[in-house]
Amino acid sequence: MASTGEIKITEDEAALYDRQIRLWGLDAQQRMRNGAFLVMRCKGVATEAIKNIVLAGIGKLILVDPEDVTEEDLGAGFFFRDDDVGTKRADAAKSRIESLNPLVRVEVYSDPLATEGTEFEQIVKNVDMVCVTEASRSELLQINDLCRRFSKPFYAGGTYGLLGYIFCDLLTHEYLTPDRSAPKDASRNVKTNAVYPSLKDALHHSWKGLKKKQTRDLNPSVIFGILGLWEFQAQHGRLPEASDSEELQTISSRLIQGAQVDPSIIKTIDPNIHQQLVTTAAHEFSPVCAVIGGVLAQDMLKALAAQEAPLANFFTFDGSTGGGSVCRMSM
């Protein structure tokens, strides 16, 4: 834990979190009670994730977001109101986050300097988990490297119109898993370790050797649609538009070939997925944000509680079909 001293759960907290304690156990709730979470960028996905982790009873939330509320934020960002437009997102959200659960301490940083240099490093050093939302690939790589330097679990999540993703790097993560072979009078859980790669290493994941059904089940069109978008954004500094359709297809096809995906399954991303990206990537849709933010919050709490296996390690979601899949990238 990053906190200097462990705070015990009070009787009032035990009553408030009774249902969760019955589900996860007192030790897990205690870890959440002492957990400090850093969340970056309060848009639709982060709004949903923050709501869930605050209601679950974490100890402290640090929100870093130097950007202003825009009219577009009013759609998926339910912490904001019309008169917040033009004010800092972090400042506007603070009181509404606190009202969800007054037992959770909330700190916000709206100064752009808080996202860089020694000040940002100090923030990362003093939390238990880092969650970056709606970021470019270069920003994700940079912050993931920083988290690894300070041995901090790292989550990333975001949406591109109807598509969404979650990536996690939990370093070497220890958790309890059911032992179905244990005798009746023995412990039913055993400790298990999972070793997670960095995002940099995960992006070099090879699909070679996967059976056709395994490849299809992972829905590679969504995965390589998002990876292709990241590459396009790295080259142009913006999201793709309808006029960029051919270039995005070329980028994604090159990534598919480089990852050695079975060409009989996919040579380029599905035309429907591709069309979604070039027409909706710059927009937020509340239902997709709710799914990604909900799964993101659930997995962060699961990782902190260390009671079950978290995601391993790249989750994607297609809002047009309601389907999601988890791809083990370089694990």
Side-chain angles (χ1 to χ4, degrees), residues 137 140-141 144 154-181 190 192-232 248-278 281 288 291-292 294-296 298-299 302-303 308-331:
R137 186 183 65 187
L140 295 178
L141 289 168
N144 187 202
F154 169 85
Y155 276 87
T159 64
Y160 301 106
L162 293 170
L163 304 184
Y165 80 93
I166 296 169
F167 171 81
C168 61
D169 172 12
L170 303 182
L171 310 167
T172 298
H173 181 66
E174 186 177 89
Y175 60 94
L176 295 178
T177 187
D179 183 4
R180 305 191 188 283
S181 64
V190 293
T192 304
N193 283 333
V195 180
Y196 284 74
S198 66
L199 177 59
K200 181 179 179 180
D201 289 338
L203 291 175
H204 291 95
H205 173 62
S206 173
W207 291 56
K208 186 178 181 180
L210 283 183
K211 297 179 180 178
K212 289 184 178 181
K213 184 179 185 306
Q214 292 174 313
T215 302
R216 288 194 189 94
D217 289 346
L218 291 175
N219 202 356
S221 278
V222 175
I223 295 173
F224 285 96
I226 291 172
L227 297 182
L229 180 147
W230 282 357
E231 178 62 25
F232 180 94
L248 182 61
Q249 278 281 20
T250 301
I251 291 172
S252 297
S253 299
R254 186 174 68 246
L255 293 176
I256 289 168
Q257 184 178 6
Q260 297 181 292
V261 182
D262 187 337
S264 68
I265 301 300
I266 180 175
K267 293 183 179 179
T268 188
I269 58 174
D270 181 276
N272 292 328
I273 298 296
H274 180 260
Q275 187 63 22
Q276 289 175 27
L277 282 170
V278 297
V288 181
V291 170
I292 295 299
V295 175
L296 180 59
Q298 180 186 46
D299 209 69
K302 187 188 297 182
E308 301 175 55
L311 285 174
N313 54 343
F314 194 66
F315 170 78
T316 56
F317 177 75
D318 180 358
S320 64
T321 64
S325 61
V326 178
C327 180
R328 295 175 64 90
M329 296 179 68
S330 300
M331 284 194 68

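These values consider heavy atoms only, across backbone and side chains, with no hydrogens, waters or symmetry-generated copies.
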Taking Asp270 for the side chain and Ser221 for the main chain, is one N or O donor matched with an acceptor at less than 3.5 Å? no

Can you tell me how far apart CH2 (Trp207) and CE (Met329) are? Round to the nearest 0.5 Å. 8.0 Å

Test side chain to side chain contact (heavy atoms under 4.5 Å, CB included) applied to Ile273 and Ile223, Leu163, Leu162, the passing residue: Leu163

Scanning both residues in full, the closest heavy-atom pair of Phe315 with Gly324 reads CE1-CA, 4.0 Å

Taking the side chain as everything from C-beta on, heavy atoms only, tell me whether Val261 gets closer than 4.5 Å to Phe224. yes

Once rounded to the nearest 0.5 Å, what's the spacing between atom CD of Glu308 and atom OH of Tyr175? 10.5 Å

Mind checking whether Ser320 and Asn272 have side chains closer than 4.5 Å, heavy atoms only? no

Can you name the closest pair of heavy atoms from Met331 and Ala312 and give their distance? SD-CB, 3.5 Å

Would you say CD of Gln214 has more than 12 non-hydrogen atoms from neighbouring residues, nucleotides or ligands within 6.0 angstrom? yes

Contact check, side chains of Cys327 and His205, non-hydrogen atoms, under 4.5 Å: yes

Is there a side-chain contact (heavy atoms from CB on, under 4.5 Å) between Phe167 and Leu311 once you walk through the steps? CA-CA 8 Å; Phe167 171 81; Leu311 285 174; over 6 Å; no

Which pair of non-hydrogen atoms, one from Ile266 and one from Thr268, has the smallest distance, and what is that distance? CG1-O, 3.0 Å

How long is the straight-line distance from CD1 of Ile256 back to CG of Asp262, given to the nearest 0.5 Å? 11.5 Å

Where Leu248 and Phe232 come nearest, the two heavy atoms and their spacing: CD1-CB, 4.2 Å

Working to the nearest 0.5 angstrom, can you tell me the gap between Phe154 CZ and Leu199 CG? 6.5 Å

Any donor-acceptor pair under 3.5 Å from Ser330 side chain to Asp201 backbone: yes

Do Ile166 and Asp299 come close enough that some side-chain heavy atom pair is under 4.5 Å? no

Does anything in residues 213-229 form a salt bridge (charged side-chain N to carboxylate O under 4.0 Å, His left out)? List the pairs, not counting sequence neighbours. Lys213-Asp217

More than 12 heavy atoms of other groups within 6.0 Å of Lys302 NZ: yes

What are the two closest heavy atoms between Ala202 and Asn313, and how far apart are they? CB-ND2, 4.4 Å

May I ask you to decide if the ring planes of Trp230 and Phe314 are parallel, tilted or perpendicular, using 30° and 60° as cut-offs? perpendicular

pair Lys267-Ser253: side-chain heavy atoms closer than 4.5 Å: no

Side chains of Thr159 and Phe317: closer than 4.5 Å at any heavy-atom pair? no

Just how far is it from atom CD of Gln260 to atom CG of Leu210, taken to the nearest 0.5 Å? 11.0 Å

Where is the tightest heavy-atom contact between Gly225 and Ser252, given as atom of each residue plus distance? CA-OG, 4.4 Å

Do Leu277 and Ile269 touch side chain to side chain, with heavy atoms closer than 4.5 Å? yes

Find out whether Leu229 and Tyr165 are in side-chain contact, i.e. whether some heavy atom of one side chain is under 4.5 Å from a heavy atom of the other. no

From CA spacing to verdict: side-chain contact (heavy atoms from CB on, under 4.5 Å), Asn144, Lys200: CA-CA 9 Å; Asn144 187 202; Lys200 181 179 179 180; over 6 Å; no

